[in-house]
Trainee: 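Take a look at the following structure, please.
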Amino acid sequence: MNIAKQAAGSALRFRAYATAAYVPPASMDGLQRARPPPPKPKPESPTFYTARANYYDNLDMLENAVKHTRSALQTLQLLPLPRFAQENLPPIRSAWKNLEDLGEKIQAKLTTTRYRRVLAHLNQLNQYRRLAEMAGHMELAQRLKRVLELYERENKDKVLASAQPVSAKFDEYGRSYTIGRRKESTARVWVIKVQPSPEEQAAATEVLAAPTESEAAAPPPEPTPQDSVVASASATGIPGFESGPLSVGPVQIKVPTTSILINNIPLVDYFPHVTDRERVVRPFRIAGLIGAYNVFALVRGGGSTGQSGALALGIAKGLAVQEPDVEALLRKAKMLKRDPRMVERKKTGRAKARKGYTWVKR
């Protein structure tokens with residue numbers, strides 16, 4: 001049996017048919033062969049296969065413009081610029097295309113993230129253009145202007161003209177009346193210039209009163225014992241030093257202060273938290289007008305955070321009206337713009353806007 005299986009297996013291992021004869025290539029010259037596929041054209045943009053070629057092309061152009069402009073400003077020794085110099089540069093305003101218009105221009109669908117990325121490069125180029133204009137390199141500024149005009153709105157002049165300066169009402173006493181709002185709070189603010197005291201007015205009149213020629217030619221009056229006692233008392237320094245700078249007493253310097261009354265209550269008593277008081281005083285610090293103006297305000301609604309924010313907005317508007325030169329500083333610090341955030345309303349079936357009630361099994 002095993003011998004039969006081995007014989008059958010050896011027979012199946014060999015082919016029972018003949019293979020095809022070998023055909024040399026020379027005999028296939030007359031046959032028609034298929035044409036090779038045409039070569040693919042080389043894409044014009046290196047970002048062709050990113051599915052957003054137009055967007056990345058524009059972004060690459062802006063990045064190159066930022067890079068070359070930075071290199072040019074460094075060659076002109078205008079960069080890096082100290083921080084105090086950057087803060088003192090005049091602000092430059094712009095009106096870029098919105099998300100939809102910019103997407104139509106570059107023929108690409110833009111998300112908020114991609115739109116902000118483009119705006120970041122545009123704002124950087126705008127800052128470089130402002131720096132070039134201030135330094136007097138008008139050729140570089142004009143080249144940057146031609147690039148930026150591609151992304152600006154067509155009605156740019158109209159949009160910039162619509163942002164009118166802050167306006168307020170003045171009464172017969174020179175007080176400016178402004179209104180500030182935040183959350184549910186509203187603040188009516190009156191700002192008035194600090195009036196000098198009677199003593200300061202008298203001192204000013206004495207300084208302005210110039211002596212006549214006869215008075216200047218007359219000899220000075222002889223000092224009395226009382227004058228010597230007063231002079232010695234005012235010039236008393238550290239005991240033991242009879243001469244030198246330590247023998248003279250310190251000069252008292254009167255520091256000007258700003259009086260802020262909120263609902264007829266001083267600022268310190270009305271806002272017990274330091275953060276609220278700092279928020280109210282911040283416009284004075286930015287404008288450098290501490291001690292120059294007094295404030296009286298009537299505040300209604302909301303809590304301490306909302307009331308302090310509304311009061312700060314009203315004070316900033318009043319200072320911008322009283323001192324137009326500081327309006328650019330306040331606008332740059334975003335003190336003249338209302339905080340648009342509002343408290344979300346309570347929902348039915350919820351403890352608050354989104355907070356749910358504690359789940360109880362039984």
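All heavy atoms count here, side chains included; hydrogens, waters and symmetry mates do not. What you see is a predicted model; the values in this text were computed from it and never measured.
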Trainee: Where the side chain of K183 meets the backbone of V343, is there a donor-acceptor pair that is under 3.5 Å apart?
Mentor: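 Absent.
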Trainee: Does a side chain donor of either S45 or T47 reach within less than 3.5 Å of an acceptor in the other side chain?
Mentor: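 Indeed, the side chains of S45 and T47 share at least one donor-acceptor pair under 3.5 Å.
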Trainee: Kindly work out whether a path of hydrophobic side-chain contacts (I/L/V/M/F/W/Y, heavy atoms less than 4.5 Å apart) joins F296 to I179.
Mentor: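 Yes, it is one cluster - the side chains of F296 and I179 are joined through contacts under 4.5 Å.
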Trainee: CZ of R116: more than 12 outside heavy atoms within 6.0 angstrom?
Mentor: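 Check fails, neighbour count at 12 or below.
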Trainee: Between the main-chain N or O of L122 and the side-chain N or O of N126, is there a donor-acceptor pair closer than 3.5 Å?
Mentor: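 Absent.
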Trainee: Should L140 and Y128 be marked as a side-chain contact (heavy atoms from CB on, under 4.5 Å) after you check the CA-CA gap, both sets of side-chain angles, and the distance that decides it?
Mentor: CA-CA 9 Å; L140 178 60; Y128 289 160; over 6 Å; no
Trainee: Going by ring pair (Phe, Tyr, Trp, His ring centres under 6.0 Å), name the pairs with one or both residues in residues 50-99, residues two or more places apart or in two chains.
Mentor: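 Sorted result for residues 50-99: empty, none.
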Trainee: Do V147 and R143 have side chains that get closer than 4.5 Å, going by heavy atoms?
Mentor: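 When only atoms from C-beta onward are counted, R143 and V147 do not touch, as no gap falls below 4.5 Å.
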Trainee: Are M342 and E184 packed together at the side-chain level, in the sense that at least one heavy-atom pair is separated by less than 4.5 angstrom?
Mentor: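 Yes, close enough: below the 4.5 Å cut-off.
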Trainee: Between atom CZ of R279 and atom OG1 of T305, what is the distance when rounded to the nearest 0.5 Å?
Mentor: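 So the CZ of R279 and the OG1 of T305 are separated by 5.5 Å.
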Trainee: For Y49 and P43, which heavy atoms make the closest approach, and how far apart are they?
Mentor: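 For Y49 versus P43, the nearest heavy atoms are CE1-CG, 4.0 Å.
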Trainee: Which heavy-atom pair separates N54 from A108 by the least distance, and what is that distance?
Mentor: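 That would be CB-CB, 4.5 Å.
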Trainee: If hydrophobic clusters are built by linking Ile, Leu, Val, Met, Phe, Trp and Tyr wherever their side-chain heavy atoms come under 4.5 Å apart, do L261 and V189 end up in the same one?
Mentor: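 The answer is no; the residues belong to distinct hydrophobic clusters.
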Trainee: Judged by atom type as modelled, is there a donor-acceptor pair below 3.5 Å linking the side chain of S71 to the main-chain atoms of K67?
Mentor: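 Between the backbone of K67 and the side chain of S71 there is no qualifying donor-acceptor contact (under 3.5 Å).
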Trainee: Strictly distance-based, threshold 3.5 Å: is any side-chain N or O of N294 a donor or acceptor partner for the main-chain N or O of I192?
Mentor: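 No; judged by distance alone, with no hydrogens or angles, the pair does not exist.
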Trainee: Has the side chain of D276 got a donor or acceptor atom that lies under 3.5 Å from a matching backbone atom of F271?
Mentor: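 Pair absent, no side-chain N/O of D276 close to backbone of F271.
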Trainee: At what distance, to the nearest 0.5 angstrom, does NE2 of H121 lie from CG of N123?
Mentor: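 Reported to 0.5 Å precision, the distance equals 10.5 Å.
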Trainee: Could you give the distance from OG (S308) to CD1 (I315), rounded to the nearest 0.5 Å?
Mentor: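 Reported value, rounded in 0.5 Å steps: 10.0 Å.
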Trainee: Going by the rule side chain to side chain donor-acceptor pair (under 3.5 Å), which residues pair with E344 if we only count those two or more places apart in sequence or in a different chain?
Mentor: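 Partners of E344 by the side chain to side chain donor-acceptor pair (under 3.5 Å) criterion, ordered by chain and then number, come out as K347, R354.
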Trainee: Taking the basic N atoms (NZ, or NE/NH1/NH2) and the acidic carboxylate oxygens, is any pair closer than 4.0 Å for R285 and E278?
Mentor: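 Salt bridge present between R285 and E278.
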Trainee: Would you kindly confirm whether L289 and L267 end up in one hydrophobic cluster when ILVMFWY residues are joined by side chain heavy atoms under 4.5 Å apart?
Mentor: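 Cluster IDs for L289 and L267 match.
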Trainee: Heavy atoms only: give me the nearest K105-L150 pair and the separation to one decimal.
Mentor: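 Smallest heavy-atom distance, with atoms named: CE-O, 2.7 Å.
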Trainee: If the condition is ring pair (Phe, Tyr, Trp, His ring centres under 6.0 Å), which residues does Y177 pass it with, not counting sequence neighbours?
Mentor: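 Partners of Y177 under the ring pair (Phe, Tyr, Trp, His ring centres under 6.0 Å) test: W190.
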Trainee: When rounded to the nearest 0.5 angstrom, what distance separates CG in L78 from CE in M134?
Mentor: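 Spacing of CG (L78) from CE (M134) equals 11.5 Å.
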Trainee: Within the supplied structure, the quantity of interest is the number of heavy atoms (other residues, nucleotides, ligands) at a distance under 6.0 Å from E139 CD; does it exceed 12?
Mentor: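 Open.
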Trainee: Measure the NZ-CD distance between K97 and E154 for me, rounded to the nearest 0.5 Å.
Mentor: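 Between K97 NZ and E154 CD, I get 5.0 Å after rounding to 0.5 Å.
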Trainee: Checking side chain to side chain donor-acceptor pair (under 3.5 Å) between Y293 and each of E323, K193, R175, which is the one that passes?
Mentor: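 With Y293 as partner, E323, K193, R175 yield a single side chain to side chain donor-acceptor pair (under 3.5 Å), made by E323.
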Trainee: Please evaluate residues V118 and N58 with respect to the criterion side-chain contact (heavy atoms from CB on, under 4.5 Å), reporting the C-alpha separation (whole Å), side-chain torsions for both, the decisive distance (0.1 Å), and the verdict.
Mentor: CA-CA 9 Å; V118 173; N58 284 268; over 6 Å; no
Trainee: Donor-acceptor pair, distance only, cut-off 3.5 Å: does the side chain of R182 make one with the backbone of Q307?
Mentor: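 Side chain of R182 to backbone of Q307: no pair is present.
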Trainee: The test is side-chain contact (heavy atoms from CB on, under 4.5 Å); show your working for F284 and I260 and say whether it passes.
Mentor: CA-CA 11 Å; F284 287 102; I260 301 178; 4.2 Å; yes
Trainee: Are V191 and V280 connected, step by step, through hydrophobic side chains (Ile, Leu, Val, Met, Phe, Trp, Tyr) whose heavy atoms are closer than 4.5 Å?
Mentor: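 Linked within one cluster.
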Trainee: Could you tell me whether K332 atom NZ has more than 12 heavy atoms of other residues or ligands within 6.0 Å of it?
Mentor: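 Atom NZ in K332 is packed in, count exceeds 12.
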Trainee: Enter the distance from Q124:CD to Q127:CD here, rounded to the nearest 0.5 Å.
Mentor: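 The distance works out to 5.0 Å.
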Trainee: Of the non-hydrogen atoms in L99 and L110, which two are nearest, and what is the gap between them?
Mentor: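 Nearest heavy atoms, L99 then L110: CD2-O, 3.4 Å.
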Trainee: Might you confirm whether atom NZ of K109 has over 12 heavy atoms from other residues, nucleotides or ligands at distances under 6.0 Å?
Mentor: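 No.
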Trainee: Do you know which two heavy atoms are closest between S185 and G302, and how far apart they sit?
Mentor: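 The answer is OG-CA, 3.3 Å.
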Trainee: Between R338 and L313, is there a side-chain heavy-atom distance shorter than 4.5 Å?
Mentor: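 Of all side-chain heavy-atom pairs linking R338 with L313, at least one is under 4.5 Å.
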Trainee: Report yes if some heavy atom in the side chain of V274 is under 4.5 Å from a heavy atom in the side chain of R277; otherwise report no.
Mentor: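 The answer is yes; the side chains approach within 4.5 Å.
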Trainee: Please evaluate residues E100 and Y115 with respect to the criterion side-chain contact (heavy atoms from CB on, under 4.5 Å), reporting the C-alpha separation (whole Å), side-chain torsions for both, the decisive distance (0.1 Å), and the verdict.
Mentor: CA-CA 10 Å; E100 292 78 9; Y115 178 68; over 6 Å; no
Trainee: State plainly whether one hydrophobic cluster holds both L298 and V295, where clusters connect Ile, Leu, Val, Met, Phe, Trp and Tyr through side-chain heavy atoms under 4.5 angstrom apart.
Mentor: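 Per the 4.5 Å side-chain linkage, L298 and V295 are not co-clustered.
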Trainee: Any donor-acceptor pair under 3.5 Å linking the side chain of T178 with the backbone of G314?
Mentor: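 Side chain of T178 to backbone of G314: a pair is present.
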Trainee: Between the side chain of N263 and the main-chain N/O of I265, is any donor-acceptor distance below 3.5 Å?
Mentor: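 No, N263 side chain to I265 backbone: no donor-acceptor pair under 3.5 Å.
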Trainee: Where is the tightest heavy-atom contact between A141 and R129, given as atom of each residue plus distance?
Mentor: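 Taking A141 first and R129 second, the nearest heavy atoms are O-CD, 3.7 Å.
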